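To start, the structure under review is shown below, and the notes come after it.
Note on naming: letters A, B, ... go to the chains in the order of the sequence lines (proteins, then strands), and numbering restarts at 1 for each one. Predicted model, so just to flag it, every value in this text is computed and none were measured.
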There are 2 protein chains.
Amino acid sequence: MAISMRQLAKIAGVSVATVSYALRDDPRISAATRQRIQSLARKHNCRVNVQARGFFEGRSFSIAVIVPDIRCGFYPPILQGIERVAADRGYTVCFANSYNDPQTEAKVIHTYMQHRIDGLIVAPISESADNSHFLELQREGVPIVVIDRRLDFVETDFVGCDDYAGAFAATEYLISMGHRYIAHITGSRDAWTTIRRKSGYSDALKRSGIELPEGYSVEVDYLTNALHGFSGAVSESVKALFQMEPRPTALFVSNDLLAIEAYGAIRRLGYRIPDDVSVVGFADLDISQYIDPPLTTVHQPAEKMGEVAANILIDKIEAKGSSDTEYRGCISKTLEVELKIRKSVARVSR
Amino acid sequence: MAISMRQLAKIAGVSVATVSYALRDDPRISAATRQRIQSLARKHNCRVNVQARGFFEGRSFSIAVIVPDIRCGFYPPILQGIERVAADRGYTVCFANSYNDPQTEAKVIHTYMQHRIDGLIVAPISESADNSHFLELQREGVPIVVIDRRLDFVETDFVGCDDYAGAFAATEYLISMGHRYIAHITGSRDAWTTIRRKSGYSDALKRSGIELPEGYSVEVDYLTNALHGFSGAVSESVKALFQMEPRPTALFVSNDLLAIEAYGAIRRLGYRIPDDVSVVGFADLDISQYIDPPLTTVHQPAEKMGEVAANILIDKIEAKGSSDTEYRGCISKTLEVELKIRKSVARVSR
DNA sequence: CTGAAAGCGCTTACAG
DNA sequence: CTGAAAGCGCTTACAG
C-alpha cells in the first residue's frame with residue numbers, strides 16, 4: 001500500500017533526489033514539479049521511511065524517558081506532558097523503567113544509545129554511585145534533561161520544583177494553625193529534594209522562633225514505590241516520634257507516598273487525623289485527594305514539568321545542527337509549587 | 001568511544017562481514033576468530049548500530065503501546081508489565097496516548113508505521129467508528145495485540161479480563177450481604193467491557209430471582225479519565241436512581257473511576273457509604289484502597305495483562321520469520337479477576 | 001531546475 | 001573458514 005520514494009520517482013518520471021527534495025519543500029525544485037510530486041505522494045500514500053532517514057542522519061527522531069517506576073503516581077502525568085509535546089514536535093517517545101536499580105538504568109541507556117535516540121529525559125534513581133552511563137551518552141552528543149532531582153557529577157539541563165519554597169509554605173501553614181511541635185519525615189533516598197525540603201522546613205521554624213528537640217526530623221529508608229510494598233520503616237519512625245517529649249502535633253512528610261504510609265502508622269498507634277495529629281505531604285498525587293482525610297499537600301505541576309522538560313530537550317536537539325551559540329550551557333528551570341489545603345490539618349491551641 | 005563494526009574490522013584485520021558473523025555467533029566463523037573478535041569488541045566498546053541493522057531488516061526492534069490516557073490509574077501497571085518483558089526480550093518500548101481521540105490514534109499509528117515498529121499493543125479508544133488505521137498496520141504485516149476491550153471489524157490478538165465473571169461475583173456478593181435493590185452504573189464509552197459486566201450483573205440477579213424495575217441500570221456518558229475533570233453525568237444518574245421506588249441499597253459501578261465519582265454524588269445527596277448505600281467497583285486501581293471507605297472492587301491483574309500481551313506480541317513478531325504454522329490465527333486470553341472485599345459494602349436486612 | 005552518484009552501517013547470498 | 005559485493009531507502013554535495 002504505502003510506497004517508497006524510489007517507486008514514487010518511477011511513477012512521476014523523475015529521480016529519487018527530486019522526490020526527496022520535493023517532499024521536503026526544498027526551494028530548488030520548481031513549484032510545479034514540487035506540487036505534482038506532493039500530490040502524487042498523497043495519492044499513492046508515499047510515506048518517507050523515517051528509519052532510513054534516521055539511519056542516514058545517525059539519529060532516530062525519538063526521545064527516551066526513563067523513570068524509576070511508572071506505577072508511582074508522580075510519573076504518569078510527567079510522561080503525559082512529555083509525550084504531548086514530543087508528538088506535537090514530531091518526535092516519538094521511548095519509555096523505560098529503571099526500577100530504581102543503577103544497573104538497569106545503565107543497561108537501558110546503552111540500549112538507547114544503540115537505537116540512536118536523539119535525547120533523554122530521566123528521573124534518575126536516587127543516590128547512585130556511578131553515573132558514567134550518562135557521561136557516555138553525553139559524549140555521543142545526546143542531550144539529557146534531568147527531572148525532579150539532579151544528578152551528581154554530571155552537568156545536564158534540569159527541570160524541578162521549588163522544593164524549598166513548598167516546604168517553607170507547608171511548615172508556615174502548620175505554624176499558622178497553631179502548631180509548634182512539627183516533626184519532619186523524609187525519605188533518605190532522594191537526597192536532592194530531601195535536602196531542599198528539609199531546609200525549607202527548618203527555616204520556617206527558625207523564622208517563627210521555634211526550636212525543636214533533636215530527633216524531630218527523621219530520615220526513613222524509603223526505597224521505591226510505597227504503594228507496592230510498604231516498608232514498615234515509616235511505622236517505626238512514627239512510633240519513635242510519638243514517644244518524644246513534647247509529642248508532635250503535626251507531621252510534615254516530604255512526599256505523599258510516605259504521608260500515606262504515615263496515615264496507617266498513626267492510626268495503628270491509636271491517633272486520629274487530623275484531631276490528634278495533623279499531616280502535610282508533598283507532591284499532590286491524584287490519590288492524595290481521595291484518601292481519608294484528603295491530604296493537605298504541596299502541589300507539584302507534574303504535567304507541566306514534563307512539558308517544560310520536553311521543550312528544553314527538543315530545543316537542544318534541534319539547535320545542535322545550527323550554529324546556535326546558546327547550545328552550550330545548561331538550562332535549569334524551577335517550577336513553582338502551591339499548597340493545597342484539604343482536611344488533614346486541624347487547628348491546635350496548646 | 002563506541003566504535004562501528006567497520007572500525008573493529010580494521011583493528012582485527014578482518015572484513016566487516018566476518019565481524020558481523022562473529023558478533024552474531026554464526027558457526028561458520030571459527031571459534032578462534034570469533035572469540036578474538038568478540039573480546040576486541042568488548043575492549044573497544046563496539047556496539048552494533050541497531051538503527052542500521054533495523055534499517056536493513058526493515059524493522060526497529062521496538063514495540064509500541066498506545067493507551068487512551070496514562071494518567072488513568074489502570075494503565076501504568078499495564079505499561080510496566082509490557083516494558084518489563086519487552087526489555088527482557090530485547091525490545092524497546094515506544095509509548096503514546098490517544099487521548100481517546102480517533103484522529104490522534106490514527107496519527108500515532110501512522111507515525112509508528114513510518115518508524116517501522118515491530119508490533120503494537122493498544123488499549124483502543126472506545127467505540128470508534130473508523131478502525132482503518134489498524135487494518136493498514138496489519139496489511140504491513142505488523143502484529144497487533146489489543147488490550148482490555150476488543151476492536152470492531154478488526155481481528156487481532158486479545159488480552160482481557162473475565163468481565164462477566166467479575167461482575168457476577170460482585171453482584172452475588174452484594175446479594176449475599178442482603179441486598180436486593182442493586183443498581184448498576186456503566187460507562188457507555190467502553191462498549192465491550194460494559195456489555196459483559198452488565199450481563200454478569202443481570203445473570204446474578206436472575207439466578208437469585210431478583211427482578212428490578214426498568215431504569216435500575218443506567219448508562220453514563222463517561223468519556224475519559226474521571227480523575228481529570230469529573231463530568232457531572234454520574235451525579236445526575238445517581239440522583240435519578242435515588243428517586244426510584246424502591247430506592248437502591250447498593251450500586252455496582254462498572255469501573256473504579258466512576259465509583260469514585262459516585263462516592264461524591266452519593267454524599268452530596270446526604271447518604272453515607274456504606275451505611276445507607278453500598279458500592280462495588282471494577283478494576284481495583286491503586287487509589288481504590290485509599291479512598292474513604294476503601295472500595296470493595298473486582299481486581300484486574302493489570303500488570304499481568306501487560307506481560308501476557310507483550311509475550312504474545314513478541315512471539316508473533318519472532319514467529320514471522322520462521323515458518324511457524326501457528327503464526328496465523330488469533331490468540332485470545334482472558335485473565336481471571338478476583339473480588340477484593342474492603343469497606344464499601346454493609347450488610348442490609350430489609 | 002533536475003539527475004547521477006556516493007554513502008550512512010549493517011546483513012546476506014555468493015565466491016573462493 | 002573468510003572476503004568482496006550488493007543492497008536496504010534515504011540525503012546531500014556536486015555536475016550539468
Would you call A:Arg89-A:Asp315 a salt bridge at under 4.0 Å N-O? yes
Treating B:Ser60 as the side-chain partner and B:Arg116 as the backbone partner, does any N or O pair qualify as donor plus acceptor under 3.5 Å? yes
Going 5' to 3' on DNA chain D, which nucleotide is the first and which the last to come under 4.0 Å of a heavy atom in chain A? D:dC8 to D:dC14
Any sub-3.5 Å donor-acceptor pair from A:Arg36's side-chain atoms to A:Ala12's backbone N or O? yes
Answer yes or no: is there a donor N or O on one side and an acceptor on the other, between the side chain of B:Asp118 and the main chain of B:Phe61, under 3.5 Å? yes
Under 3.5 Å donor-acceptor, B:Arg149 side chain and B:Pro124 backbone: yes
Do we see a donor-acceptor contact under 3.5 Å between the side chains of A:Gln7 and A:Ser4? yes
Can you find a heavy atom in the side chain of A:Met113 that is under 4.5 Å from one in the side chain of A:His133? no
Per nearest nucleotide of DNA chain D, the residue lying toward the 5' end, B:Arg34 or B:Phe56, is B:Arg34
Any side-chain heavy atom of A:Leu313 within less than 4.5 Å of one from A:Tyr91? no
Name all stems that contain residues of DNA chain D, defined as runs of 3 or more consecutive Watson-Crick or G-U wobble pairs, both distances under 3.5 Å. C:1-3 with D:14-16, C:5-12 with D:5-12, C:14-16 with D:1-3
Measuring only between side-chain heavy atoms, which start at C-beta, is A:Leu23 closer than 4.5 Å to A:Ile37? yes
NZ/NE/NH1/NH2 to OD/OE distance under 4.0 Å, A:Arg71 and A:Asp69: yes
With the threshold set at under 4.0 Å for non-hydrogen atoms, list the residues of residues 13-24 of chain A touching DNA chain D in residue-number order. A:Ala17, A:Ser20, A:Tyr21, A:Arg24
